[in-house]
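Naming: A, B, ... by sequence-line order, numbering from 1 per chain. Any value given below was found using the heavy atoms of this structure, including those in side chains, with hydrogens, waters and symmetry copies removed. Note that the coordinates shown come from a computational prediction; the quantities given were computed from them, not determined experimentally.
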Number of protein chains: 2
Amino acid sequence: MMTTTAPAAARAMPRPPVAQHAVAERIADTLRLLQDHVVISRRIVHAGDSIYQAGEAFDTLHVINSGFFKTINLAADGREQVVGLHFKGDWLGFDGIAGGHYGCDAVALDTGEVWTVRYDALLAACARHVPLLGLLHSAMSREITRDRDSLLSLCTLSADARVAEFLRYWADAMAQRGLRHDQITLRMTRAEIGNYLGMTLETVSRALSRLSREQLIAFPERGRRDVSIPDVQALGAYVQRSVAPVSTTLQ
Amino acid sequence: MMTTTAPAAARAMPRPPVAQHAVAERIADTLRLLQDHVVISRRIVHAGDSIYQAGEAFDTLHVINSGFFKTINLAADGREQVVGLHFKGDWLGFDGIAGGHYGCDAVALDTGEVWTVRYDALLAACARHVPLLGLLHSAMSREITRDRDSLLSLCTLSADARVAEFLRYWADAMAQRGLRHDQITLRMTRAEIGNYLGMTLETVSRALSRLSREQLIAFPERGRRDVSIPDVQALGAYVQRSVAPVSTTLQ
DNA sequence: CGAGGCCTTGATACACTTCAATCCGAGTGG
DNA sequence: CCACTCGGATTGAAGTGTATCAAGGCCTCG
């Protein structure tokens, strides 16, 4: 405890492989506990609908029951940045707790259902039923971890690798939730993806073309919004390869 | 509520100006409440000491009583990324809650004091004294907001602007805490700063030289670890200028 | 059919990286 | 005390990944 100097970079970060279905189970637990202990208001949303907007007074947290969502950070000067993608079981609105106002926009990427709970009611429910508090904290913790992973990818990966990692992440999220993951439908335009990944839409397009040329992905439909991913692990390997360009096998 | 299409980018994000000393007060409250309701173990740390390391079992949360800290995310393949800077009153360790293991390294940048509390004891204390739970949630919420702001800067600002924003942020954090902020001591090497900001150390160095040439900062000491910031607002203005390069006054 | 989004692809420009040389300040030991 | 070393910082020159600009293609919808 409290080593003065960390050994080396070789110290591999464990990142325990998430047990299959552990995520699905956690999500089911979350939805069930909420249903049993808090007053929920359910809401169907469609692509483009916003769940909340930056600056609105914060009252409520939201849990995704189905659908796909993005969160967008806006700076005072108008800069817009997609800072997160959110799927079934994810919570939305944590950014509002501290300041009493939401800090970003949450927008539906397609049709879905959102469960909304009053934050004060949720806290009261947590007091009565402690496991709910555990779920809440875990969700916030995971959000922090996820944001940091985004920072890591953004700073350490090339544009092509970031696109590959983006697809891998999306497919992974689908797999963890028991949804189809060998073929995913990108619900964002190239411009949105580029914004999220810190590159232009042209670069996204070129990256997708290259990945397709290398058979890591394919476009099954005539339109290019559906991406089939024959082998998710190969995508991960591609990212790794781009990190250590010419694998120094000897040494 | 639930507008289908957001008006426009012009919609300025409020970002309420943090009332001066509100932060200092919150920090004082946090430290006092912790002292009064939880068993704390205090610890003096020195530059390079790690508070915890990625992969260690998560038991405890930490609050900075004094000093400066960085958090480093490590990928399985050895990539390292400074993902956060932390000052007095900040909490460390939230990333460990969800998985039961810390997700990054927390390292002291110089001498400081850290208060450590057991997470389970903290939860128990929160149950007895609810305001403590409010502080905890606010801290987590702020962490999320901060990470997203980092993403925004990283994706939308040029290298020079990112360095300026970094200095502005640091000075701001000092001011909010009632510490000296017209002159700050960078406790990181150019390489660390570059890693944090997603650029090389040479680019950091050049950016600092340019900022100095434009009189936005100065190096009072012979060594160049101390940076004096005559006018923080001018730094902010510099960032803005770089966002809208040739201010289109007409139009 | 034409119009308008969105996407792809090419040519060019440039911000940043990479590589390399030099400089500076802090220790260290003769 | 000075010479030496060593890590960190600065600065220049060349290289490159990505942005920018521009043209054209593909669906969808009216």
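- In this structure, B/F68 has its ring center at least 6.0 angstrom away from the ring center of B/H86.
- Between B/R213 atom CZ and D/dT11 atom P the separation is 7 Å, expressed in whole Å.
- Nucleotide C/dC7 holds its C1' atom 14 Å from the CD atom of A/E192, rounded to whole Å.
- A salt bridge links A/K70 to A/E192: one of the charged nitrogens lies within less than 4.0 Å of a carboxylate oxygen.
- Nearest to the side-chain atoms of A/A159 among the listed nucleotides C/dA20, C/dT9, D/dT18 stands D/dT18.
- For the pair B/R210 CZ and D/dT11 P, the interatomic distance rounds to 10 Å; values are reported in whole Å.
- Look at CG on B/L186: it is 10 Å from P on D/dT10, rounded to the nearest Å.
- Nearest to the side-chain atoms of A/E202 among the listed nucleotides D/dA22, D/dT11, C/dT17 stands D/dA22.
- Residues B/R206 and B/T189 each lie close to DNA chain D; by heavy-atom proximity, the contact nearer the 5' end of the strand is made by B/T189.
- Between B/T200 and the phosphate of C/dT18, there is no side-chain N or O to OP1/OP2 separation shorter than 4.0 Å.
- In this structure, of D/dT10, C/dT9, D/dA19, it is D/dT10 that holds the atom nearest to the side chain of B/L201.
- With D/dA9, C/dC7, D/dA19 as the choices, the nucleotide that has an atom nearest any side-chain atom of A/T203 turns out to be D/dA19.
- Take the nearest nucleotide of DNA chain D for B/L208 and for A/V204: the residue whose nucleotide is more 5' is B/L208.
- Between the side chain of B/R43 and the backbone N or O of B/V114 there is no donor-acceptor pair closer than 3.5 Å.
- Taking atom CD1 of residue A/I193 and atom P of nucleotide C/dC6, one finds them 13 Å apart after rounding to whole Å.
- What separates CG of A/L157 from P of D/dT18 is a distance of 10 Å, to the nearest Å.
- One can place CE of A/M199 at 22 Å from P of C/dC14, the figure rounded to the nearest angstrom.
- The shortest distance between side-chain heavy atoms of A/V63 and A/L92 does not fall below 4.5 Å.
- Look at B/E165 and B/R162 and you find no salt bridge, because none of the NZ, NE, NH1 or NH2 atoms lies under 4.0 Å from a carboxylate O.
- Between B/R225 atom CZ and D/dT10 atom P there is a gap of 12 Å when expressed in whole angstrom units.
- Taking every side-chain heavy atom of A/R224 into account, C/dC7 is the closest of C/dC7, D/dT11, C/dT18.
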